Every structure is written in C-alpha cells, then in structure tokens.
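Shown next, in structure tokens, is the structure this report addresses.
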Amino acid sequence: MRSRAFPLIATFVVFVALYLIGYQRFPAFGTTRVIANFLTDKSFLGIAAVGMTFVIIAGGIDLSVGSVVAFTGVFCALAIGRLGMHPLVAFAVILLIGAAFGAIMGAVIHFYKIPAFIVTLAGMFLARGGAFVLSQESLPIEHSFYELIGDLYYVFPDRGRLTFVAVLFVVVLVVGIVIAHFTRFGRNIYAMGGSRESAANAALLLGVPIGRTTIMVYTLSAVLATLSGIVYSLYTSSGYPRAAVGLELDAIAAVVTGGTLLTGGVGFVAGTFVGVMIQGVIQTYINFDGTLNSWWTKIVIGLLLFLFIIIQKVLTSYRGTFTFRLIPGLSRRAAESKTSASPP
Amino acid sequence: MRQRVRPFTGRQTGLPYAELVGEKMTVQKNTPLLQTQNLTKRFGSVQALSGVDFNLYPGEVHAVLGENGAGKSTLIKLITGVYRRDAGEILLEGKPIDPQSPHEAQALGISTVYQEINLVPTMSVAENIFLGRQPRRFGFIDMRAANARARALLKTYHLDIDVTRTLSTFSIAVQQIVAIARGVDMSAKILILDEPTASLDAQEVQMLFTVIRALKARGIGILLITHFLDQVYQISDRITVLRNGERVGEHLTAELPKMKLITLMLGRELLSETESSGAERAAVGDAGGAFLRTEGIARRGMLQPIDLSVARGEIVGLAGLLGSGRTETAQLIFGVARSDAGSVQVKGRKVAIGSPRQAVQHGFGMCPEDRKVEGIIADLSVRENIILAMQAKRGWLRALPARKQEEIAQQMIAALHIVTPDSSKPAGELSGGNQQKVILARWLASQPEFLILDEPTRGIDVGAHAEIIHIIKNLCAQGMALLVISSELAEVVDYSHRVVVLRDRQKLTELTGEDISEDNIMRAIAEQ
C-alpha cells in the first residue's frame, strides 16, 4: 500500500457511493443494460481521456482533443461519402494524420520550450477550423461497414448490449495500463512528470530521453483523440464540425478525479476509467430522474473536481508524513528506516 | 567507442621530469584513476579555472576545497560533461576522455550525486534505482525482479527499507544513499559527491560516511566537495585546494594541519607578529546602547543559536569560511528565514521579525550576497532600483512623485559616485561595482538605522572596492549600525569594531579592539 494509490482509492469510493445512491433510487442501475450503456456512452470520452492521462502524468496538457475528434468525424464522413474510401482505409489515413499532428505539437513543445497549454491551444483552433473548412454542416455517414459495426454486440441475459465501441474502449484502457506500468516508455513519462520541478531536471540526468518521450506522449494523445473521433463517428454515424466541443475539459476532469496529479508524475490509467464512469453515473442518474436539467451533470462534476483538487493539494503538501498517518501498521517500520533527525 | 591508449609519462605532460617525480613521491605509486591536466575554462571575462591538475586514485577519498568562486563546481562540471573545457585533458585510467553530457560521463564510469538529489521524488525507490534500465521479461518491465534486486542492492548499503515506497517519503540521507547505490550499480569507477552532508544531521552524516568507507574499500575513487572542515579530516585521504580557479596545493590530509589548510583556502600567510590593524577602534558598543540584540536565535538545519549585538555607530564584522553560517545569520536577522528559537531586541524592545517587510519597518536594510539574483532588478532603471525599498516602506498607495524620485536618485548617484549616464539606464547594464552601489543607494534612500551588508565587495574592481569601504566607514561615522559579512579578512579587520567568528554554523568567538587581526580570526577558525 502506497500513498500514491490513495487518490485512486478515494475516486473508487466516490464512484461506489454514487452508484449505490443511484441503485437505491433506481433499481435499474443494477442491470447490465445500464452498466453496458455507461461504457458505450462514455467510450469516446474514455478513449480520449486515456491519452490525456499520459499527457498530464508527463506534466503537460492537451487542449486539442475535442477539436481533433470533430475533425476526424468530418474527415471520415467526407472520405467515405464523397471520395468513396472504405471506412477502414479512411480510418488508417486519419490515424496517420492524427499521429503527425500530435508529433508536431510535441516537437514544438520540446524544441521551442513553449508551454503545452499554448501549443495545444493553437492545435485546438487549427483542428476545429480545419473541420469547419471541410464542412459547415453535419454530414451523415451511410456505409454497410458502419451498419456492420453497429450490429456487432454481445447481448447479456438481461438484454444489456456490450457494443463494439465499448469493447474498444476497454481494450484501449488495458493497453494504456500496460504501457503506463510495464514499458520503459511509460516509466519515462512518469519520471519526466515527476522531476519537472526538480532543480537539475533529474529525469535528464537519469538518462530519460526527454525529447523523444515528449513527442511520443503528444503523438499518443492525438492518436487516441483520433480514435475517439472514429468511435464518435461510429456512435453517431455522422461527421459534425461542432461535435465534442469541450470534450478535452471533460477528459481532464475525468483524469483529475481519477487521481492523477495535475503537477505530473503521479497517476493511474485505471483511475481515469473510474473518473469517466463517475461522469457516466451522474449523467445516467440525472437522465433517470427526468425533472433535473441535464446541466446539473456539469455542476456535480464541477463540485467533484473541486473536491479532488483539494484532496490532491492536501496530499502533495503533506507528502512524506502522509503514509505514516494513513497506515498505522507501517509507521513503526517507516520510523526505523527514516533516521530520526535529532535536534542539536 | 574506442579510445587511444596513451601511457602516462612525464615528457608528454610537459612538466619538468624532476618536478613530476617529486610530486609522485608524495603520493601513491599506482596510476591515478582520474587525472586532469592543465584544465582551463573561461566564462566571458571570468577565468573560472586555469591550468588545474587534479589526480584521483582508486580507493581514496579526495576532498576538493575552496571558497566561493574557487572553481570547485566548474571542475566537476568539466569532468562530468556539463561544460566543455577550453583547454587541458581529462584522463580516465590513463586514457583521454571527452564526455559531452552527464549521461555519457556516467557511461564511462563517473557518477555524480548532487546536493539537490537527482532522482524522481514521485517514483518508488526501486524505480529510481532502475529507471531506464529496468529488468524486463518478454519485453515488459518485471517490477518484481526490480524490487528484489533493489532490496538486495540496498542491503549491501545496510539499508533495509520498503523499496516500493515513494522516494520522497524518505529522509534526505536515505535518498542520497539511494542515489549513490544507483550510480555505483551502473558501474561507477568514480563517485563525485557534491556537498553531500549539507542537509544532514550528525547521525546521518556518520551513516553516509559508513557508505563512503565501504565504497572506498571496493576501490572506487571518491571526489568529495564539502564546506565542513571537520568532516574533511574525518573522511578524506587527500585534499586539493583551489583558489580563484587555480590549484594552490595537493596534500595528504594527514600531513596538512588545519591552520595551513585555512591559510591556503584564504590565500594568506600567517604573520609571526600581530599585524597592526590600522583602524581607530573607539570604544563603542554598550555606551550608546545596542540597536540590535539577538539572544539565541537559531533555526534547525540552518544555524545554531547565536547571540549578537550591534550598536549605533558600530561596525560588526562576521567572519568565517564559506558555509560557516554567515549569510544564514543575516537571513535570520532580516526575516528572510524565520528563526525557531531565541529572541530579538531592537533599541531594547523585544520584537518579532517574521519577514523582510517587518525588518524594514524596524529600520533594517540588507544588501544580499548575490546581487544578480537577490538584489538588482536588471531590467528596471537605476532610479527605479534606488526607489524600491523606500517605496516599499511608504506603502504602495503613497506613490512618490516622479520629481521627488528623480531628486533622490540624483542625490544618491552623486553621493555614491555611481557611474551612469543618467538615472533611467537599466541597472543591469552597469558594472558590478556600480550595481553594488545602486543596491546600497536603495537601502540608504529608505534611511535605515541598521544595515546588513553581505559580501559588499565581491566581484568588483579595486577602485570601486576602496570606494565601497569608504562609504561603509562614513555611514558608521554618521551613526548607523552595520553588520558586514565578508570573505576578505583584511577588509573585515580594517573596518570592524568587533568581529564575530563563525564555523560550522555556530558562533565560535567574538574579537574586539586590539585582538582583531587576520591571524586571530584564522586561529579562531582553526581551533578545535
């Protein structure tokens, strides 16, 4: 048990509490129909949020995500509808474009030492503008492949549907967890984010290839945003330049409520999943209630975000003494390994 | 990378053979692990290192000592590839090397552990040890193996800790040993320790020394930089002293008395008879009543309790080596750091000073040590820099009229002979001596009753030096209370009415009247 895992546990507790509140009022919360719907409805947010998790752990931010989703949708609609491309070809092309877009943002951030906030803000305007240049209005996508994917689902005994996009979300999640914890690239991201504030840039001295890692992180985020755009187009069967406005902010909210520190270096991809699910539970609850304005979702998310940022602040400022107080059993061992500072 | 092997002989170094033999006879006979020859580095107009020869043998602890600006950090930064040398050679086991980065130096076997520990505080101990070289299975990191190996590795350092815990939850001493373990595990032949004990308490220092002795026994060459002379005598085998970028001596620690070491570091020979101090030392002090009196102010890890008093019309000098606690004393008095013990009296009344702002309200002023970082605001004009403290004292709502500002600036420029075409020139464009005068002017404009000067003459030319000293004496004659810190002993002896001598962050003694001399100050520092 480590203090780093505490925010993750806190998030999970909040999720369970919210879920139980929902279940107590609407027993339908217990059915696979509702649970599978969480996954399907939040699949594009979730995929983008996995990418965002890496960026934030690296100590950065990516504001271009929502715009990239919209651009991807419009591009797919045009490539399939006007150019007659097969959807799989269109997906491959847009994924390459997305990767290049992310790599360029990462390179600018690294080589020109410009804050990620500014660079990805520019990226956000570029992608959104690009989507509008391609089309001013919503474009429907009609292709047998889209119908095929739409019909691809697993039915639970109580008629809940596990859709293709939901499965894709879970796959991205698992791959994300593996990258974060079991590859050198993943650990380098943590090292970079965790030593950003240290005086001598420890990560560099420890031999972390800062430039390559930065570029790869933003590439990963852009690729996942593009994938999220593909999922969005599958989910809505259309491309719409005004789509997913502010999606990046929902993603950041999910990442932060999932226990990732905005200062970088600490975080969990699994936590982001819980963060996304919390948003799903709140939204479902408000839909079920029927009397509440749907914007209440935003208010509750806002309050939760606020709560979690305060928890993070408290945790980071007490870092060091924290573990000992949290887990009494550990304190004796810890005190022994920590040589006592004797006053002169 | 293949390197050309070049046997080390006297002829190739260009040194006279006899001198070389003489040199070699005083040290061990085996070849040095690391050698620098004629190492030279300039930064703009500053000669940071000139022609330094340095030898590190396997299994020895070699301390590099010197005051500020002596070139210690330049030397290690050249060896570890942070800077590029202008001239000279670095030989590792007799082969010339040319590391381009700390990473490359590490690959060659030179590890460095800095005072501000270069590890990732948010990651676990094991991850820090194996970052970038994690054991893998089927292409994926095997954290269990990494944890087991980290545990085993740290056991050899007698450190039995939970390696899965976040690094930042451990004490600095443990973090330092983790950093050392990582470096040595990556095949270190040479370990450079830069001020390793600066933030450790006595017990932790011994813990670190145990580790150092164990590494020494394994034949690793250890280059140690530290301010603490007692620790140098405790752990080191050899000492190289640098001064103003030059090597002034290499000695076996056992053969170098502390007194001799201090004279080498400060660049002064002891005179047999007491030097005449020159200054008229009128009996000042308690007659006029102390302006400031501190009783046992201290801060853990920063300064031992210190008693100090400064009267109006009196200059108190603070003498001691670098790191002896001089600047720390000034910071505690001025409220830059809060003291956690003792009390302060101003004009006989007990006061609490928790911030520089409060210090200013009590009539204090301070010219800090590093004027570039802490003092001068380079982009603001000379006038704006001068007005700063005065305006702060008045409060921001009562802005000084522009005409009044200009008047004060002109007064100060004239009074202190600040060389500037006009008062609107950015202060950063002035020479060092003139910048120092601008800072002085800033505090004088706020009409302080008590002024702290931390190294007021560092890095300025000879002419400006004399002028600053003249100004200091004048201010004193006008009845100001002054506390002056300086590494220039001659200077301290010249103007001080009393000299407080510090070592290892505590007050050793106080010299007054006829006792004030360079010899006595050095003796006090060297005393056991």
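These figures come from a predicted structure and were not determined experimentally. For the numbers below, each heavy atom of this structure counts, side chains included, while hydrogens, waters and symmetry mates do not.
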Review point. With a cut-off of 6.0 Å (strictly less than), are more than 12 heavy atoms of other residues, nucleotides or ligands near CZ of B:F43?
Key: yes
Point to revise | Heavy-atom check, side chain of B:M123 versus side chain of A:R187, under 4.5 Å | key: yes
Exercise for review: Report the C-alpha separation of B:R136 and A:R184 in whole Å, then their side-chain angles, then the decisive distance to 0.1 Å, and conclude whether the side chain to side chain contact (heavy atoms under 4.5 Å, CB included) test is met.
Suggested key: CA-CA 9 Å; B:R136 286 190 285 197; A:R184 287 193 181 161; 3.2 Å; yes
Exercise for review: Can you establish whether the number of heavy atoms outside A:F182 located under 6.0 Å from its atom CZ is more than 12?
Suggested key: no
Practice item. Tell me, yes or no, whether the heavy-atom count around B:H103 atom NE2, taken from other residues, nucleotides or ligands under 6.0 Å, exceeds 12. Key: no
Revision key, fill the gap. Tightest non-hydrogen contact, residues A:A191 and B:L131, listed as CB-CD2, 3.4 Å
Check your understanding: Under 6.0 Å from the CZ atom of A:F12, do we count more than 12 heavy atoms belonging to anything else shown?
Key -> no
Point to revise | Minimal non-hydrogen separation, B:F140 against A:V178, with atom names | key: CE2-CG1, 3.4 Å
